[in-house]
Amino acid sequence: MKSEPDVYSIEDLRKAGSDHWEGIRNYQARNFLREMAVGDMALFYHSNAKPPGVAGVARICRLAYPDHTQFDTKSKYFDAKSSPDDPRWSMVDVEFVEVLPNYVSLQDLRDDAELEDLQVLRKGQRLSIQPVSRAHFNRVLKLGKSKTPVR
DNA sequence: GCCAACGTTGGC
DNA sequence: GCCAACGTTGGC
């Protein structure tokens, strides 16, 4: 799950304990949100950061439900075409799990042979919610917990 | 700040 | 249904 740390970082989630994941306005990303189950684990990715990369881990703690910001005319996520009868956009709640002791930068991800097929590494991909396989998840976690690069 | 990639919009 | 124009994402 991507977030710009200037807007909402893993530190913000750590302080909050848990929070809702608002503002997803892409159908594909929304569909991934709707497939999430309580207990699913997520990599918290800092996009538009210097450098971008995986900063921590979160856990889904509430199933997808309507994103209230779509009905808030004052919100930048307001969507006039969405109706409360048939909400277009969803959000889930996530809870803080950990800050990775070793930040895994995008370059680190690229440099790791086992992560070759990771979606976020594919050219042109922009989805802010992306599925990650168990093997990839565990690999990123391993990188994030080792003090020296894992080879 | 640039720009490639990609999604959405809207005229036809 | 096509596709040009436009907006957004996000790495660099």
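What you see is a predicted model; the values in this text were computed from it and never measured. Below, read A as the first sequence line, B as the second, and so on, with proteins coming before strands; counting in each chain starts at 1.
Note that CD of A:Glu22 and OH of A:Tyr77 are 6.0 Å apart. Values are rounded to the nearest 0.5 Å.
Taking atom NZ of residue A:Lys2 and atom P of nucleotide C:dT9, one finds them 10 Å apart after rounding to whole Å. Atom CG in A:Leu106 sits about 10 Å away from atom C1' in C:dC12, given to the nearest Å. We find that CZ of A:Arg88 is positioned 7 Å from P of B:dT9, with the value rounded to whole Å. Atoms CH2 (A:Trp89) and C1' (B:dT8) sit 10 Å apart, rounded to a whole Å. Protein atom CD1 of A:Ile24 is 17 Å distant from nucleotide atom C1' of B:dT8, rounded to whole Å. If you measure from atom CZ of A:Arg30 to atom P of B:dG7, you get 15 Å, rounded to the nearest angstrom. In this structure, CD of A:Glu4 is placed 8 Å from C1' of C:dG10, rounded to the nearest angstrom. The interatomic distance linking A:His46 (NE2) with C:dC12 (P) rounds to 17 Å, in whole Å.
Every side chain to side chain contact (heavy atoms under 4.5 Å, CB included) that A:Ser83 has, sequence neighbours left out, goes to A:Asp85, A:Asp86. For A:Glu4, there are no salt bridge (charged side-chain N to carboxylate O under 4.0 Å, His left out) partners, not counting sequence neighbours.
Comment: A:Lys142 does not engage A:Glu114 in a salt bridge, judged by the lack of any side-chain N to carboxylate O separation of less than 4.0 angstrom.
Counting non-hydrogen atoms under 4.0 angstrom, A:Arg25 reaches nothing in the nucleic acid.
Considering only side-chain N and O atoms, A:Lys81 lies under 4.0 angstrom from the phosphate OP1 or OP2 of B:dT9. Residue A:Tyr45 places at least one side-chain N or O closer than 4.0 Å to OP1 or OP2 of C:dG11.
Evaluated for a side-chain contact (heavy atoms from CB on, under 4.5 Å) with A:Met1, the options A:Val92, A:Ile24, A:Leu43 yield exactly one hit, A:Val92.
Aromatic ring centres of A:Trp89 and A:Tyr65: separated by at least 6.0 Å.
Looking at A:Asp72 and A:Thr69, their side chains never bring a donor and an acceptor atom within 3.5 Å of each other.
Interface residues of residues 119-130 of chain A facing DNA chain B, ordered by number: A:Lys123, A:Gly124, A:Arg126; criterion, heavy-atom separation under 4.0 Å.
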